[in-house]
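Reminder, nothing fancy here: chain letters follow the sequence lines and each chain counts from 1.
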Amino acid sequence: MNDDKKHTTHDDIGCLEAIETLYAYLDGELDDDISIDQVEKHMEHCKSCYSRKDVERALSEHIRKANRKETPAALQNRLRNLMTDF
Amino acid sequence: MTIKADDKVFFSRCIEDNMDALYGVALRLTRRQADAEDLVAEAVTKAWISIGTLEDKGSFRPWVFRILRNCYISDYRKKSIRPTEAIYDELADGSEDGDVCSMLMNEADEFLTWWSNPEKEFFANILGDQIMAAIDELPDSFRVTILLINVEGLTYDEAAEALGIPKGTVRSRMKRGRTLLQKSLWRHAQDAGLKTCHNSK
């Protein structure tokens with residue numbers, strides 16, 4: 001099944017298509033319309049889109065780190081008490 | 001409905017595993033710790049009452065996030081809805097994806113330049129707070145989608161289930177939300193002095 005994604009022949013994509021699929025590509029959610037190979041091939045030749053991918057990937061990591069929250073102890077206790085009473 | 005002892009063990013374990021995630025999303029939705037704690041407690045209670053509706057135990061995460069979101073919509077969102085919310089919600093689901101991509105294409109490459117400039121390290125240090133502020137500025141529909149996928153690691157299918165929307169709308173919201181986020185961060189970076197640094201080179 002991965003062969004479909006490896007054998008890109010003629011459908012080079014432009015910046016608009018690359019940007020349209022960028023987030024799905026980074027999230028591992030690319031559908032079958034445009035292949036991983038097509039996106040990566042475009043990035044190899046387009047400095048602007050490559051930079052955008054770099055930015056978005058790093059930004060995703062920052063978002064992940066910035067939003068990691070630990071449940072306050074009071075809420076942990078509250079939930080455990082709730083579940084004990086269920 | 002009969003609740004089995006196994007259900008309670010399963011439920012408790014899943015809540016323990018997802019407690020931080022539920023609280024994190026609730027906090028970004030309500031923006032207040034006390035409200036977030038109440039929201040999570042309410043969602044967990046409703047989830048337990050509805051445990052019989054969980055058909056696939058492997059889908060616990062999207063299922064419980066959906067309950068959290070529904071609790072938020074019914075109890076909290078109507079108290080704090082912002083004037084721009086409706087407009088952004090329309091944008092989220094009604095416009096063509098091409099509009100967003102055109103917006104990105106036409107956008108100046110200042111953000112990209114910023115990312116690669118020598119002051120990157122300085123801004124990286126303050127980026128955490130800026131990201132939080134920028135995410136808080138996003139309309140609910142974008143904010144929750146980004147949080148579920150980028151922070152909690154849900155797949156697009158799981159996020160669609162959690163939000164009760166088609167997968168295509170998840171895809172669209174990710175594009176629009178991330179585009180808005182990038183623009184917002186750029187404004188925050190400028191407010192933090194980026195423009196001065198940038199122009200002084």
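Using a 30° and 60° split on the angle between ring planes, Phe60(B) and Phe11(B) fall in the perpendicular class, above 60°.
Comparing Glu16(B), Met174(B), Glu152(B), Lys167(B) by heavy-atom pairs within less than 4.5 Å of chain A, the highest count is held by Glu16(B). When the candidates Arg64(A), Glu29(A), Glu17(A) are compared by the number of heavy-atom contacts under 4.5 Å with chain B, Glu29(A) comes out ahead. Comparing Asp27(A), Leu82(A), Leu26(A) by heavy-atom pairs within less than 4.5 Å of chain B, the highest count is held by Asp27(A).
By the 4.5 Å heavy-atom criterion applied to side chains, Arg28(B) and Lys69(A) are counted as neighbours. In this structure, Ser12(B) and Phe86(A) have side chains that are not in contact, with every pair of non-hydrogen atoms separated by 4.5 Å or more.
When heavy atoms are compared at a cutoff of 4.5 Å, Ile135(B) approaches chain A solely by way of its side chain, counted from C-beta outward. Looking at Ile63(A), both its backbone and its side chain come within 4.5 Å of chain B, counting heavy atoms on both sides. For chain B, the nearby parts of Gln76(A) are the backbone and the side chain; heavy atoms of each come within less than 4.5 Å.
Seen from the ring of Phe10(B), Lys57(B) counts as a face-on cation partner, given the 6.0 Å and 45° thresholds.
Using a 4.0 Å cut-off between charged side-chain N and carboxylate O, Asp38(B) and Arg78(A) make a salt bridge.
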